[in-house]
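Below is one structure, written out as structure tokens; the observations come after it.
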Protein chains: 2
Amino acid sequence: MAKDPVPRRTLTLRDVSEASGVSEMTVSRVLRSRGDVSVSTRERVLEAARALGYVPNKIAGALASQRVNLVAVIIPSLSNMVFPEVMTGISDVLEDTGLQPVVGVTNYSPEREEKVLYEMLSWRPSGVIIAGLEHTPAARAMLQNAGIPIVEVMDIDGTPVDSAVGISHFRAGRHMAAAIVAAGYRRIGFLGTMMPHDHRARKRLEGFEEELAKSGLEVQDREFYSGGSQLLKGREMTEAILTRSPDLDFLYYSNDMIAAGGLLYCLHHGIDVPGKLGLAGFNGVELLEGLPCRLATMDACRHEIGRRAAEIIAGQHEAGATGGIITELEPKLQPGDTIRST
Amino acid sequence: MAKDPVPRRTLTLRDVSEASGVSEMTVSRVLRSRGDVSVSTRERVLEAARALGYVPNKIAGALASQRVNLVAVIIPSLSNMVFPEVMTGISDVLEDTGLQPVVGVTNYSPEREEKVLYEMLSWRPSGVIIAGLEHTPAARAMLQNAGIPIVEVMDIDGTPVDSAVGISHFRAGRHMAAAIVAAGYRRIGFLGTMMPHDHRARKRLEGFEEELAKSGLEVQDREFYSGGSQLLKGREMTEAILTRSPDLDFLYYSNDMIAAGGLLYCLHHGIDVPGKLGLAGFNGVELLEGLPCRLATMDACRHEIGRRAAEIIAGQHEAGATGGIITELEPKLQPGDTIRST
DNA sequence: CTGAAAGCGCTAACAA
DNA sequence: TTGTTAGCGCTTTCAG
């Protein structure tokens, strides 16, 4: 395969202009479909551009027009099942708006979040979608001063910088606790991933405990783990907590993956679920549908959150600043087969 | 909360220059830590920048310097478990190179891939990492003419545009077939996700069938599905194929998620695995570690692929074009507990 | 060590 | 409908 004499310099509008005998300005108009251009010149330009293999330089375009069709999306993790779904919601909506999502990952580190945010803002995006309401003071300041629509997603228990779309994790925890108590469970254990910066899991637990307290109950035992396969950790933690506190009659997990691990453990060991032991997770991940038994969980509305957030960005991009839209979604409790029916 | 008189115009170098009484040029030098600047002026500048909340405009910087520290990463999907791991490998390496990955998702559509690629190239990234060797002619042309390092990842059965890092899926299929035949299985079924553009799954099946043919065997029955929860599809497909062809003694799945679904189905129904029925998947996903029984699979070296690809990009970014580095990784067969030991 | 001039490749705003 | 003229905000280059 003989290689063409590769153009060492990347092509510019000027090249297309010369090749087509049309002014740079008109070439630009054709390539952006802006303004009126006669059919004949349009075709001449398009053909020249295609023949040359011209790819416009958005950097120059953005600088000149002061417009960047990028939306910064900042999330804690990609390997969490949860965020890819939010991303899907965002992409679905942005698809037909001319806006493009650009993802940054923080690994649940506030410092990293600050850095990623700075990095992304320096590209002057048209908007920011960022997970959570907790940020470093510097990050908050950047968001505030960016002068573009900001949507904080997933959580609404707190004060957003601008707009927010999410659920109340605090109330989600309460809601689950109420359901568990109503079903007659009394000796309840909690199993979570050890993540100091997972504020949403923390809020769920807080709400959970507060609701238990109303019935004079409290969490009897807890188990935390970090790192590794969540499903496996779920098994191991379940074994550990049941060995230590064999009289527990309910296990509340901070997410569905570890809960699924626990469920598999219980099924494997012939533990009577939900009779002797009830189980519940959180998130409503697709994975659960494949399990032998439907785990109790709460849908976190991830796809919807992504959609709504993108709609806010797109809307304000169109219409100019509006700001401060707060959307609370209602997570649905899915009792499944792992809580006794009342 | 009273809002500050928000600066409606975003800050420029000039603002920092005026605030600090230092020329724009020197401010620029300080902010990029380039060239020698006296400690006193440096501090003055830094303080002014911080006080104002200045965020540099990378668009202008990139245009002026003709340098963009972005690496385009183009993958089929985020919800696949597989690609996030590749991403992690990429991020790990890029972290300390000053390069930043930017993700584009194609949903396994060649047309979308072409569009995403065009979009990303128009930001003049320093390199491209793209999944697979199969692209539209236009996409190939763009890659060829981009004049930047290109690394095609995951697969090496074909002709790369520039560099490539991956495994031979064809040989992976052969390898698995050989192990299955050696273990004495003879009536083999295949279960896959229906994806015309998943070339890697296709190549695995081709290699698998070719190896079976050497022993005079062929795939007895097949089952395809698309969409939905992979774990659930795995269960359903397994039930379907076993109902239709109850005499099968091995099921080869195109990925671990559907295989895991099949495994759970078998365990649930008390099918003797691996005695009466053997099972195998592909990928070596972390999830498997949490299952009650270790599924036979092959590790696709995803993290390592990401690392190597990023190293190639970073290396060429440093040293100038080298090009055409092909790295083949060797996937390891993990027999687990779902193939009889020979 | 610091500054002034020129221009990166494109588009807004006019003019023709 | 088409072309011309100025920049966008920064960095390169070269001069002090």
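Numbered from 1 within each chain, the chains take letters A, B, ... in sequence-line order.
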B:Leu63 atom CG is separated from D:dG7 atom P, nearest whole Å, by 17 Å

Classify the nucleic acid contact of A:Asp36 as base, sugar-phosphate or nothing, counting any heavy atom under 4.0 Å across all strands shown. base

Of B:Val82, B:Ile75, B:Val165, the one forming a side-chain contact (heavy atoms from CB on, under 4.5 Å) with B:Met154 is B:Val82

Between CG of A:Leu13 and P of D:dT4 the distance, given in whole Å, is 15 Å

To the nearest angstrom, the CZ-P distance between A:Arg34 and D:dG3 comes to 19 Å

Side-chain atoms of B:Ala64 come closest, of D:dT11, C:dG3, C:dG9, to D:dT11

To the nearest angstrom, the CD-P distance between B:Glu24 and C:dC1 comes to 22 Å

Need one value for A:Arg29: base, sugar-phosphate or nothing, where a base atom within 4.0 Å counts as base even if backbone is also close, heavy atoms only. base

When A:Leu121, A:Val151, A:Val73, A:Ile313 are each screened for side-chain contact (heavy atoms from CB on, under 4.5 Å) with A:Val128, the one that passes is A:Leu121

Between B:Thr12 and D:dG9, is there a contact of a side-chain N or O with OP1 or OP2 at under 4.0 Å?
no

Atom CD of A:Gln66 and atom C1' of C:dC10 are separated, to the nearest Å, by 12 Å

Separation of C:dT11 atom P from A:Arg14 atom CZ, nearest Å, is 15 Å

B:Arg124 atom CZ is separated from D:dC10 atom P, nearest whole Å, by 21 Å

Nearest heavy-atom contact between B:Val22 and B:Val27 is O-CG2, 4.0 Å

A:Asn57 has its side chain closest, among C:dG9, D:dT12, D:dT4, to C:dG9

When rounded to whole Å, the CG to P distance for the pair A:Leu11 and C:dC10 reads 9 Å

- Is any side-chain nitrogen or oxygen of A:Arg67 closer than 4.0 Å to OP1 or OP2 of D:dC8? no

(request) Tell me whether the OP1 or OP2 atom of D:dT2 has a side-chain N or O from A:Ser38 closer than 4.0 Å. (result) yes

Examine C:dC10: is either OP1 or OP2 under 4.0 Å from a nitrogen or oxygen in the side chain of A:Tyr54? Give yes or no.
yes

Check the pair A:His199, A:Asp157 against side chain to side chain donor-acceptor pair (under 3.5 Å), reporting the backbone distance first and the verdict last.
CA-CA 10 Å; A:His199 299 281; A:Asp157 294 323; over 6 Å; no

Value for OG1 (A:Thr106) from CD (A:Glu114), rounded to nearest 0.5 Å, stands at 12.0 Å

Taking only side-chain nitrogens and oxygens of A:Thr41, does any of them come within less than 4.0 Å of OP1 or OP2 of D:dT2? yes

